[in-house]
Number of protein chains: 2
Amino acid sequence: MPRTSYHHGALRQALIDGAREILAERGHEQFSLNEVARRAGVSTSAPYRHFENRDELLTAVAAQGYETLRQSLERTAASTADATERLLRLGGAYVRFSHDHPDLFVTMFRSKPDAGPVGHESFEVLLRAVADAQRERVLSTKPSAELLATSIWATLHGLAALSLRQPHERFGMSAPPEDLATSTLSALLGL
Amino acid sequence: MPRTSYHHGALRQALIDGAREILAERGHEQFSLNEVARRAGVSTSAPYRHFENRDELLTAVAAQGYETLRQSLERTAASTADATERLLRLGGAYVRFSHDHPDLFVTMFRSKPDAGPVGHESFEVLLRAVADAQRERVLSTKPSAELLATSIWATLHGLAALSLRQPHERFGMSAPPEDLATSTLSALLGL
DNA sequence: ACCTGAACACCGTTCAAGT
DNA sequence: ACCTGAACACCGTTCAAGT
């Protein structure tokens with residue numbers, strides 16, 4: 001298990017992987033940089049060659065999360081030509097992501113603001129879907145596409161955050177979490 | 001500064017107050033139970049007479065936050081007889097609370113699930129406002145009041161969470177944070 | 001009943017030293 | 001260039017002892 005050396009950059013990724021493992025197993029509160037080092041088989045000071053500090057490692061984890069989310073949303077957006085259906089599926093994909101990777105999701109939205117959602121590529125995917133729906137007159141064009149996309153993102157984000165913390169029955173829902181998103185979007189947008 | 005004793009229950013509240021101070025000054029990451037004790041002028045083991053552990057103190061802080069939020073929402077709900085206006089004001093109050101007390105807000109939604117929002121008194125206030133709006137045909141009765149209230153709560157929660165993390169310009173908004181809530185609700189509900 | 005003092009294992013971070 | 005080993009101040013928690 002204990003290794004004597006890593007070749008270029010291999011330790012960096014090993015640390016990120018180890019961090020994700022710990023986050024998934026025990027959550028954010030119990031996360032320890034020393035333990036990450038221990039798992040990788042290096043001394044507790046070794047991570048400092050690759051990350052400025054504990055926070056920077058978590059930021060790197062968050063960055064991988066944003067990339068995973070973006071890919072998922074882009075695949076989802078491409079999965080249908082119908083504007084309404086695309087919006088609903090995007091909502092489902094967002095909430096499903098938060099339940100499939102709660103450790104990543106929490107880390108993403110705990111990390112420093114520079115890694116925030118709005119302005120990121122993931123937001124662009126949603127923005128395009130909203131603009132498409134407006135063009136096809138599925139959605140009103142009175143609120144701007146930006147405001148509408150921001151509203152929808154906030155709704156999905158709130159849904160994800162709240163449903164991660166609560167037993168689903170208290171939401172008055174027995175269905176899988178992504179159905180929560182689609183029925184909420186339907187209810188709010190009148191789709 | 002250092003006191004030799006507290007009379008019944010006084011230390012408990014002093015610890016809660018100290019915890020809120022630290023949370024407000026330096027945020028969750030830097031929070032330390034030892035420092036809370038130091039500020040109260042007692043030994044590091046003294047808090048354990050009043051709280052099982054560090055987490056229980058944070059839960060007590062969260063409980064005070066829920067109570068403050070409930071009071072704010074209830075006052076807001078009573079401030080107008082118009083159902084539409086009441087919904088919009090409730091949205092504004094929720095987001096304003098998150099910006100006035102970011103430390104409380106973050107602590108509330110980080111603490112253990114048993115302190116969750118849905119099912120709490122704060123949720124009841126929103127639920128009544130939604131039911132009223134449906135009764136007056138301001139809102140559609142097709143989605144149940146519960147689903148609609150949950151959707152609105154999620155939207156407000158997401159808005160609060162995201163806007164706390166981002167400079168407002170990236171939201172395409174220059175207005176104060178509570179206007180964000182009202183324009184979002186208007187856009188989504190067609191109010 | 002409530003608090004102190006000392007102790008424990010653990011944490012994040014630094015730095016000189018090894019290869 | 002990359003990692004170790006020892007060190008520092010600090011943390012959460014426990015427990016015997018004091019009043």
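The basis for the numbers below is simple: all heavy atoms, side chains too, and nothing from hydrogens, waters or symmetry mates. To find a chain, count down the sequence lines: A is the first, B the second, and so on, and within it residues start at 1. In this text, all values refer to a predicted model and were calculated from it rather than measured experimentally.
Under the side chain to side chain contact (heavy atoms under 4.5 Å, CB included) rule, Arg89(B) has a single partner from Leu73(B), Leu185(B), Thr76(B), which is Thr76(B).
Pairing partner, dA7(C): dT13(D), with both Watson-Crick or wobble hydrogen-bond distances short of 3.5 Å. Summarising the base pairing, dT19(D) is matched to dA1(C) through a Watson-Crick or G-U wobble pair whose two defining distances lie under 3.5 Å.
The side chain of Asn34(B) approaches dG12(D) more closely than any other nucleotide in the set dC11(C), dG12(D), dT4(C).
The pair Arg135(A)-Asp132(A) counts as a salt bridge, with a side-chain nitrogen and a carboxylate oxygen less than 4.0 angstrom apart.
The CZ atom of Arg96(A) lies 10.0 Å from the NE2 atom of His101(A); values are rounded to the nearest 0.5 Å. Going from atom CD1 of Ile152(B) over to atom OG1 of Thr155(A) covers 9.5 Å, rounded to the nearest 0.5 Å. Rounded to the nearest 0.5 Å, atoms OH (Tyr48(A)) and CZ (Arg54(A)) are 9.5 Å apart. Residue Phe97(A) holds its CZ atom at 12.0 Å from CZ of Arg70(A), rounded to the nearest 0.5 Å.
The shortest distance between the side-chain N/O atoms of Arg12(A) and the OP1/OP2 oxygens of dA1(D) is not below 4.0 Å. Using a 4.0 Å cut-off, no side-chain N or O of Ser32(B) falls inside it from OP1 or OP2 of dC10(D).
One interatomic measurement links the two molecules: CG of Leu11(B) to P of dC2(C), which rounds to 10 Å at whole-angstrom precision. Between Arg38(A) atom CZ and dT4(D) atom P there is a gap of 14 Å when expressed in whole angstrom units. Residue Leu15(B) contributes atom CG, which lies 13 Å from atom P of dG12(D) at whole-angstrom precision. In this structure, Leu57(A) atom CG and dC11(C) atom P are separated by 14 Å, rounded to whole Å. Spacing between atom CZ of Arg26(A) and atom C1' of dC11(C) amounts to 13 Å, rounded to whole angstrom units. The distance between atom CD of Gln30(A) and atom C1' of dT13(D), rounded to the nearest whole Å, is 13 Å. Separating the CZ atom of Arg54(A) from the P atom of dT14(C) is a distance of 14 Å, rounded to the nearest angstrom. Put simply, CG on Leu33(A) is 14 Å from P on dC3(D), counting in whole angstrom units.
A donor-acceptor contact shorter than 3.5 Å links the side chain of Ser186(B) to the backbone of Thr182(B).
Within residues 43-52 of chain B, the residues that place at least one heavy atom under 4.0 Å from DNA chain D are, in residue-number order, Thr44(B), Ser45(B), Tyr48(B).
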